[in-house]
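This report refers to the structure that appears directly beneath it.
By convention in this document, chain letters (A, B, ...) are assigned in the order of the sequence lines, proteins followed by strands, and residues within each chain are numbered from 1.
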Number of protein chains: 2
Amino acid sequence: MRRDVFQAIADPTRRQIINLLAARQMNLNAIADSFEISRPAISKHIKILTQCGLITIKQQGRERYCRAELKKLEQVAKWTGQYRAFWTGKLNALEDFLDNEQIEQKPKLK
Amino acid sequence: MRRDVFQAIADPTRRQIINLLAARQMNLNAIADSFEISRPAISKHIKILTQCGLITIKQQGRERYCRAELKKLEQVAKWTGQYRAFWTGKLNALEDFLDNEQIEQKPKLK
DNA sequence: TGTATATGATACCTTTTGGTTACGCAAACA
DNA sequence: TGTTTGCGTAACCAAAAGGTATCATATACA
């Protein structure tokens, strides 16, 4: 089973859980109350988030407080960050130019 | 079928395809040659990437040149960007303080 | 015109995902 | 001590994901 941050944040429910936990720590039932789906379903999402390090759990009696480990998102930010120039609007002219060049220059068969 | 950028980049093969296409446009066979898996498998990944707008295709005779639409990644960058402060090292002290506060202040049952 | 090439489409398979219900158990309360 | 609460886990399910082999088709080359 692949367990990486990219896969973890692919699910919209899990992204929402992270959003919730970014604001404050919550126990599992509190999280489940914020969603329509069942508690065991949330429990599974939490497990996945824990396995890839996006949240950590602090046991407090019978409650388990979940805390978002937001530093883990740096990995994703770094990957997208490589391409940041492409939406800051600075590269558009160059980009279009290169696109055309590349096709013209492609090696012809034979 | 959910088709969003987060889900698209969840697969490592698809991220690699984006990496390849960021450097230069390529046709489908050229992309497939860079991987161990079969051409139809790549074709499916390309379809997914196209459906969510991460790549566009330019037909050139019998070849189809794929181009990465890297601006689409802005969405992901924005989402992770909300939490940027958590890995720039500026918030750690405050963060730890708040974490403890939150638990102490939680409403007691009854 | 015949053949090689680039690619789409289909059928099929296995594993993973995301959900459910039902049950069990330890901690906390009355 | 009995009962509620918080949560894990198991069994089960349908659908989606990721792959394959195979076939069809249009374009390009000889």
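If you measure from atom CG of D33(B) to atom C1' of dT7(C), you get 13 Å, rounded to the nearest angstrom. Rounded to an integer number of Å, the gap from I9(B) CD1 to dA17(D) C1' is 17 Å. If you take CD of E63(A) and P of dC25(C), they are 21 Å apart, rounded to a whole angstrom. Distance CG (L49(A)) to P (dT17(C)): 13 Å, rounded to an integer number of Å. In this structure, the CZ atom of R15(A) is 11 Å from the P atom of dG18(C), given to the nearest Å. Straight-line distance from the CD atom of Q60(B) to the C1' atom of dT7(C): 15 Å, rounded to whole Å.
Taking the side chain to side chain contact (heavy atoms under 4.5 Å, CB included) definition, one finds that A32(A) meets it with R39(A), I42(A), sequence neighbours left out. With sequence neighbours excluded, the residues forming a side chain to side chain contact (heavy atoms under 4.5 Å, CB included) with P40(A) are S38(A), listed by chain and number. Under the rule for a side chain to side chain donor-acceptor pair (under 3.5 Å), E36(B) has no partner lying at least two apart in sequence or in another chain.
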Please list, for nucleotides 18-20 of chain D, all pairs of protein and nucleotide N/O atoms separated by less than 3.5 Å.
residue	atom	partner	partner atom	Å
dG18(D)	OP1	D11(B)	OD2	3.1
dG18(D)	OP2	R14(B)	NH1	3.0
dG18(D)	OP2	R14(B)	NH2	3.4
dG19(D)	OP2	H45(B)	NE2	2.5
dG19(D)	N7	K44(B)	NZ	3.2
dG19(D)	O6	K44(B)	NZ	2.3
dT20(D)	OP2	S38(B)	N	2.8
dT20(D)	OP2	S38(B)	OG	2.3

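Side chains of F35(B) and I17(B) form a contact here, defined as non-hydrogen atoms less than 4.5 Å apart.
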Which donor-acceptor pairs under 3.5 Å do side chains of residues 43-55 of chain A form with protein atoms, sequence neighbours excluded?
residue	atom	partner	partner atom	Å
H45(A)	ND1	R14(A)	NH1	3.1
T50(A)	OG1	I46(A)	O	2.7
Q51(A)	OE1	R3(A)	NE	2.7

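Residue side chain R62(A) reaches the base of dT5(D) through a donor-acceptor N/O pair under 3.5 Å, judged by distance alone.
Here N29(A) does not reach the OP1 or OP2 of dT5(D): none of its side-chain N or O atoms lies under 4.0 Å away.
Annotation: of the two residues near DNA chain C, N27(B) and R3(A), the 5′-most nearest-nucleotide partner is N27(B).
Sorted by first and then second residue, the ring-ring contact (aromatic ring centres under 6.0 Å, His included) pairs involving residues 3-26 of chain B (not counting sequence neighbours) are F6(B)-W79(B).
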